[in-house]
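Heads up, the thing below is written out as structure tokens.
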Amino acid sequence: MARYIFITGGVVSSLGKGLASAALGALLQARGYGVRLRKLDPYLNVDPGTMSPTQHGEVFVTDDGAETDLDLGHYERFTGVNATRADNITTGQIYKTIIEKERRGDYLGATVQVIPHVTDEIKQFVLSDPGEGVDFVLVEIGGTVGDIEGLPFFEAIRQLGQELPRGHACFIHLTLLPYIKTAGEMKTKPTQHSVKELRSIGIQPHILLCRCEMPIPEGERRKIGQFCNVRPSAVIQAMDSSNIYAVPLDYHRQGLDTEVLDVFGLSDTAPKPDLARWEEISHRLSHPDGEVNIAIVGKYTALTDAYKSLIEALIHGGVANNVRVKFDWIEGETFEKEEALIGERLTGVHGVLVPGAFGERGSEGMIDAVRFAREHAIPYFGVCFGMQMAMIEAARNIAGIKAASSTEFGPTSEPIVGLMTEWVRDNEKEFRSVGGELGGTMRRGAYEAVLTPGSRVAEIYGTPTISERHRHRYEVNIAYREAIEKTGLKFTGLSPDGVLPELCERQDHPWFVGVQFHPELKSRPFDPHPLFASFIGAARDRSRLV
């Protein structure tokens with residue numbers, strides 16, 4: 001039977017529970033254990049799919065099409081274990097399920113209450129089959145202790161602590177030790193109060209993971225242990241690391257994995273960890289052989305968490321090429337308001353990337369960025385929306401289709417992009433949309449694509465077919481293929497039925513690739529996505545020329 005590790009947070013949010021959970025999962029893997037990570041989100045939204053990226057950050061999409069919390073991206077990147085829709089649940093999903101059951105009469109007229117009905121649904125989710133070979137299930141609870149919306153989740157894991165076999169549950173509490181510079185002291189009181197709050201609802205943490213700006217003095221460690229009822233050795237120091245991929249190494253040096261295994265009575269028999277790949281990644285990030293500057297011309301640059309997986313995939317590309325990746329964040333609207341800024345902001349960069357987005361705002365500025373990268377031979381990578389903008393740019397500025405646009409932006413006589421998920425071939429061998437614009441629901445999850453033999457993307461992937469994750473509603477219109485390909489922008493990847501354009505490239509350009517999917521979602525530090533590795537390689541080559 002799998003053992004369960006519950007990770008909670010206190011004092012303030014944004015301390016890094018997701019990263020801590022992922023790093024601990026990586027450490028347990030390094031010792032030869034199988035792991036699975038799950039996230040409990042207390043918000044009432046059914047999923048983050050309709051939440052603003054500038055509030056919630058990125059929506060991470062799984063192979064099976066689930067729209068999940070961005071922490072699942074951390075889980076996948078650190079452990080290499082693909083998440084599924086069974087690994088993230090929200091209060092909204094739980095209440096939706098309960099109300100549907102109540103309407104069907106499943107409760108046989110019983111009064112539906114938080115306890116036991118809500119807590120039972122949470123426990124059922126936590127205990128659902130993790131799959132074969134899983135020794136540890138790590139469960140992160142979103143929010144902080146004391147949040148009213150989190151109470152059912154804390155109650156559920158408290159019950160599980162009693163219901164699981166003895167020695168099969170471990171509670172880790174991530175907290176904050178602020179340092180007051182004017183007093184020259186590290187303050188333990190916020191942590192004491194946070195643990196007191198946790199204990200008041202029946203959960204005694206086994207381990208405290210303490211975020212701090214400087215080392216914890218031994219006296220403070222003992223004090224925390226005494227007041228919080230944990231062993232001093234279980235008060236784990238968690239300072240900022242040189243990079244996020246050094247976190248497993250830093251936590252191991254502080255003894256986190258040893259303390260966790262000790263809770264389960266396994267510390268004496270557990271294999272020693274093999275941390276070679278984390279040491280190699282951390283070394284490459286700390287000792288790069290050069291630097292590249294990538295301009296990201298997007299829509300949600302006010303909160304870079306909206307592009308979390310993209311940032312990490314670019315860093316992975318840097319690892320593959322042994323260079324440091326710097327980011328120049330540019331709102332697409334910036335270029336719309338002041339056209340002269342395009343040359344000023346993009347002339348010195350080594351690569352331009354236009355990421356995924358929804359809606360018209362900033363799109364004209366993104367199209368201008370595509371044109372500048374094309375005309376000045378700057379490596380260009382268009383991801384999802386960025387591929388669509390590349391198509392529109394080619395149609396307008398080279399093919400002479402001045403009205404070229406996307407139906408996402410309003411009615412257009414030249415729909416280069418539209419809601420075209422169902423197509424048929426008519427008698428004239430042309431493609432047309434069936435019954436106008438169909439397919440209003442998103443295309444989410446993993447889909448296959450067939451690559452053109454001899455193309456750049458086929459060479460990059462090294463395989464004739466690929467499977468990548470999608471999250472979009474609009475598609476490039478295959479009816480414009482001939483007109484656009486005459487501009488030099490080739491359709492080099494299509495859906496297996498030949499209807500939906502998936503990849504494009506310019507063969508007359510140092511590096512110009514667009515993809516309809518989100519390759520960043522499958523990139524790992526120890527297995528960088530080939531497109532990002534190739535893009536950063538082209539940016540590195542440009543950095544040595546300019």
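Below, each value reflects all heavy atoms present in this structure, side chains not excepted, and no hydrogens, waters or symmetry copies.
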- Item | Nearest atoms (heavy-atom pairs only) where L346 meets A295 | CD2-CB, 3.6 Å
- Item | Side-chain donor/acceptor of T91 to backbone N/O of L44, under 3.5 Å | no
- Message: Tell me if a side-chain donor or acceptor on K17 pairs with a main-chain N or O of G143 at a distance below 3.5 Å.
- Response: yes
- Query: Any ion pair linking D63 and R469 (charged N to carboxylate O, less than 4.0 Å)?
  - Reply: yes
- Closest approach of F526 to R77 (non-hydrogen atoms, all atoms of both residues): CE2-O, 3.4 Å
- Note on the structure: One should read off an interatomic distance between F517 CZ and M387 CE, to the nearest 0.5 angstrom, of 8.5 Å
- Item | Under 3.5 Å side-chain donor-acceptor pair for Y300 and E58 | no
- Item | Basic-acidic side-chain contact under 4.0 Å: E331, R361 | yes
- Message: Quick one, Y307 with E520, criterion side chain to side chain donor-acceptor pair (under 3.5 Å). Give me CA distance, side-chain angles, the key distance, then yes/no.
- Response: CA-CA 9 Å; Y307 302 111; E520 68 271 21; over 6 Å; no
- Item | Nearest non-hydrogen partners of D305 and L70, listed with the distance | O-CD2, 4.1 Å
- Do you know the tightest heavy-atom contact between P528 and S523? CA-OG, 3.7 Å
- Is a side-chain N or O of K402 found less than 3.5 angstrom from the main chain of R396, in a donor-acceptor match? yes
- Message: Can you give me the closest heavy-atom contact between Y251 and A23, atom names plus distance?
- Response: CD2-CB, 4.1 Å
- Message: Centroid separation under 6.0 Å, is that true for the rings of Y245 and H283?
- Response: no
- Please state whether the rings of W278 and F78 are parallel, tilted or perpendicular, taking 30° and 60° as the class boundaries. parallel
- Rounding to 0.5 Å, atoms CH2 (W329) and CD1 (I294) come to a distance of 11.5 Å
- Message: Nearest 0.5 Å, please: how far is CD1 in I398 from CG in L489?
- Response: 8.0 Å
- Message: Determine whether S495 and E448 satisfy the following criterion, side-chain contact (heavy atoms from CB on, under 4.5 Å), listing intermediate values before the conclusion.
- Response: CA-CA 6 Å; S495 57; E448 288 190 350; over 6 Å; no
- Message: Checking E502 against H470 for the side chain to side chain donor-acceptor pair (under 3.5 Å) test, could you report, in this order, the C-alpha distance in whole Å, the side-chain angles of both residues, the deciding distance, and whether it holds?
- Response: CA-CA 10 Å; E502 293 278 15; H470 294 63; 2.7 Å; yes
- Query: Given the rule in the side-chain contact (heavy atoms from CB on, under 4.5 Å) test, do L494 and V450 qualify, once you have shown the distances and angles that lead to the verdict?
  - Reply: CA-CA 5 Å; L494 299 173; V450 180; 5.7 Å; no
- Item | Closest heavy-atom pair and its distance - V297, G332 | CG1-CA, 4.0 Å
- Item | Residues T68, D87; criterion side-chain contact (heavy atoms from CB on, under 4.5 Å); working and verdict | CA-CA 9 Å; T68 70; D87 294 320; over 6 Å; no
- Query: Among N477, V417, L419, which one satisfies side-chain contact (heavy atoms from CB on, under 4.5 Å) with S406?
  - Reply: V417
- Message: Under the criterion side-chain contact (heavy atoms from CB on, under 4.5 Å), I'd like the reasoning laid out for M442 against R471: C-alpha separation, chi angles, the key distance, then a yes or no.
- Response: CA-CA 6 Å; M442 262 187 207; R471 183 179 183 255; 3.7 Å; yes
- Item | Donor-acceptor under 3.5 Å (R540 side chain, G318 main chain) | no
- Just by distance, do the side chain of H509 and the backbone of A373 share a donor-acceptor pair under 3.5 Å? yes
- Message: Nearest 0.5 Å, please: how far is CG in D47 from CD1 in I89?
- Response: 11.5 Å
- Message: Just to verify, which of Y380, F512, F381 counts as forming a ring pair (Phe, Tyr, Trp, His ring centres under 6.0 Å) with F535?
- Response: F381
- Query: Taking atom types as modelled and ignoring hydrogens, do the side chains of H529 and E468 form a donor-acceptor contact shorter than 3.5 angstrom?
  - Reply: yes
- Message: Please check this pair: side chain of K522 against backbone of S467, looking for a donor-acceptor N/O pair closer than 3.5 Å.
- Response: yes
- Query: Just by distance, do the side chain of D64 and the backbone of G445 share a donor-acceptor pair under 3.5 Å?
  - Reply: no
- Kindly compute the distance separating OG1 (T304) from CD1 (I296), expressed to the nearest 0.5 Å. 9.0 Å
- Task: Look only at the side chain of S286 and the backbone of S282, and say whether a donor-acceptor pair between them is shorter than 3.5 Å.
- Result: yes
- Indicate yes or no for a side-chain donor-acceptor contact from S543 to the backbone of H350 under 3.5 Å, with no hydrogens or angles considered. no
- Item | Point-to-point distance, once rounded to the nearest 0.5 Å, from OG1 of T90 to CZ of F125 | 9.5 Å
- Hey, are E393 and R374 close enough for a salt bridge, meaning a charged N less than 4.0 Å from a carboxylate O? yes
- Ion pair check, E505 and K490, cut-off under 4.0 Å: no
- Please check if the side chain of D41 supplies one atom and the backbone of G142 the other of a donor-acceptor pair under 3.5 Å. no
